[in-house]
> 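Can you read through this structure? Questions will come right after.
Only heavy atoms go into these numbers, but all of them, side chains included; no hydrogens, no water, no symmetry mates. None of the values given here were measured: they were computed from a predicted structure. Quick note: residue numbers are just sequence positions, from 1.
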Amino acid sequence: MTLTAAAAISLTAYQSGSTEAFASPAANGFVSASHSTGNGGADSVEARAGSPAGAVTLVDGSTAQISKLGDLHYRAEIVSGGSVVATLEANERDAGLDANGMYVVLGMDGEIHSWTGGEHSVPGTHELAGGWTAEVVKLGEQHYRAHILDGEGAVVATLDADQRDAGLDANGSYIVLSTRGVISASV
């Protein structure tokens, strides 16, 4: 199993101030991802997917307003109670966040996925949805790193949540690593 693309470009969490996300290449040709914010938890896993451009209801009842900005460039504004509470921007890379226990990944193709549950407290080694394994270490306060391993034990991606959550689309499995010490995945 190979991983095609992974990373986050931009997230603005209006509840806690503006933050930016970034992505950088990893030595193995895959991508390290970083992005922003959230706390919380939930028990059940329910993934939802939406098509590019338009409004999609997320698993917690909020709405993602998805806009196409260019080729492989989409923005999703998450609206709850009539207010924009977060913005994800996927520009040739995926974006994601932990929104108080609802996990969201916006793909560079404009599809959005949200779910609750599937959490594992980190650090440690955890089996994730989709057959992936995550080896997670704590590097500091609100700083965790996860190596995503394929079925043969090879590192195919790295998530670095350093003051910002990190997430990716791993060939149809969606993974978010939060700065609060939780990793969650859904298919």
> Please check: side-chain N/O of His120 versus main-chain N/O of Glu127, any donor-acceptor pairing under 3.5 Å?
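Present.
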
> Compare all side-chain heavy atoms of Val104 with those of Met102 and state whether any distance is below 4.5 angstrom.
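With C-beta onward as the side chain, the pair touches.
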
> Going by heavy atoms in the side chains, are Asp98 and Arg180 under 4.5 Å from each other?
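Yes; the side chains approach each other to less than 4.5 Å.
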
> Measuring from atom CD of Glu92 to atom CE of Met108, what distance do you get when rounded to the nearest 0.5 angstrom?
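Here the rounded value is 8.5 Å.
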
> Side chains of Thr158 and Arg145, heavy atoms from C-beta outward: is any pair under 4.5 Å?
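They are in contact (side-chain heavy atoms under 4.5 Å apart), so the answer is yes.
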
> Atom OG1 of Thr87 and atom CZ of Arg75: how far apart are they, to the nearest 0.5 Å?
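These two atoms lie 7.0 Å from each other.
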
> Do Ser121 side-chain atoms and Val182 backbone N/O form a donor-acceptor pair below 3.5 Å?
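Not at all, since once roles are kept as given, no pair shorter than 3.5 Å links the two residues.
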
> Give the minimum heavy-atom separation between Ala90 and Gly107, together with the two atoms involved.
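Shortest heavy-atom contact: CB-O, 3.7 Å.
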
> At their closest point, which heavy atom of Ser184 faces which heavy atom of Gly117, and how far apart are they?
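Minimum heavy-atom contact is OG-O, 2.6 Å.
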
> Dump the intermediate steps for side-chain contact (heavy atoms from CB on, under 4.5 Å) on Leu58 and Ile112, then the final yes or no.
CA-CA 9 Å; Leu58 301 177; Ile112 194 162; 4.2 Å; yes

> Please report the C-alpha distance between Trp132 and Asp150 in whole Å, then the side-chain angles of each, then the deciding distance to 0.1 Å, and finally whether the side-chain contact (heavy atoms from CB on, under 4.5 Å) criterion is met.
CA-CA 6 Å; Trp132 302 103; Asp150 65 12; 4.1 Å; yes

> Would you check if Leu97 and Val176 make a side-chain contact, meaning some heavy-atom pair closer than 4.5 Å?
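They are not in side-chain contact.
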
> Set out, in order, the CA-CA distance, both residues' side-chain angles and the distance that settles side chain to side chain donor-acceptor pair (under 3.5 Å) for Asp160 and His143, then state yes or no.
CA-CA 7 Å; Asp160 192 19; His143 188 185; 2.8 Å; yes

> Any idea how Trp115 and Tyr174 line up, ring-wise: parallel (<30°), tilted (30 to 60°), or perpendicular (>60°)?
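Correct class here is tilted.
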
> Quick one: pull up CD1 in Ile148 and OG in Ser173 and give me the separation to the nearest 0.5 Å.
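Those atoms lie 10.0 Å apart.
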
> Is there a side-chain contact between Ile183 and Ile175, using heavy atoms and a 4.5 Å cut-off?
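Answer yes - side chains close enough.
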
> Are Tyr74 and Glu111 side-chain neighbours, meaning at least one heavy-atom pair lies under 4.5 Å?
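Of all side-chain heavy-atom pairs linking Glu111 with Tyr74, none is under 4.5 Å.
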
> Can you tell me how far OG1 of Thr116 sits from CG of Asn100, rounded to the nearest 0.5 angstrom?
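These two atoms lie 12.5 Å from each other.
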
> Look up atom OG in Ser83 and atom CD in Glu77, then write down how far apart they are to the nearest 0.5 Å.
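The CD atom of Glu77 is 11.5 Å from OG of Ser83, to the nearest 0.5 Å.
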
> Are the side chains of Leu88 and Ile78 in contact, using a 4.5 Å heavy-atom criterion?
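A side-chain contact exists here, since the closest heavy-atom pair is under 4.5 Å.
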
> Please round to the nearest 0.5 Å and tell me the distance separating atom CG of Asp71 and atom CG of Asp109.
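So the gap between those two atoms works out to 12.5 Å.
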
> Verify side-chain contact (heavy atoms from CB on, under 4.5 Å) between Thr133 and His126, making sure each step is shown before the conclusion.
CA-CA 6 Å; Thr133 300; His126 306 283; over 6 Å; no

> Can you find a heavy atom in the side chain of Ile66 that is under 4.5 Å from one in the side chain of Val56?
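With C-beta onward as the side chain, the pair touches.
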
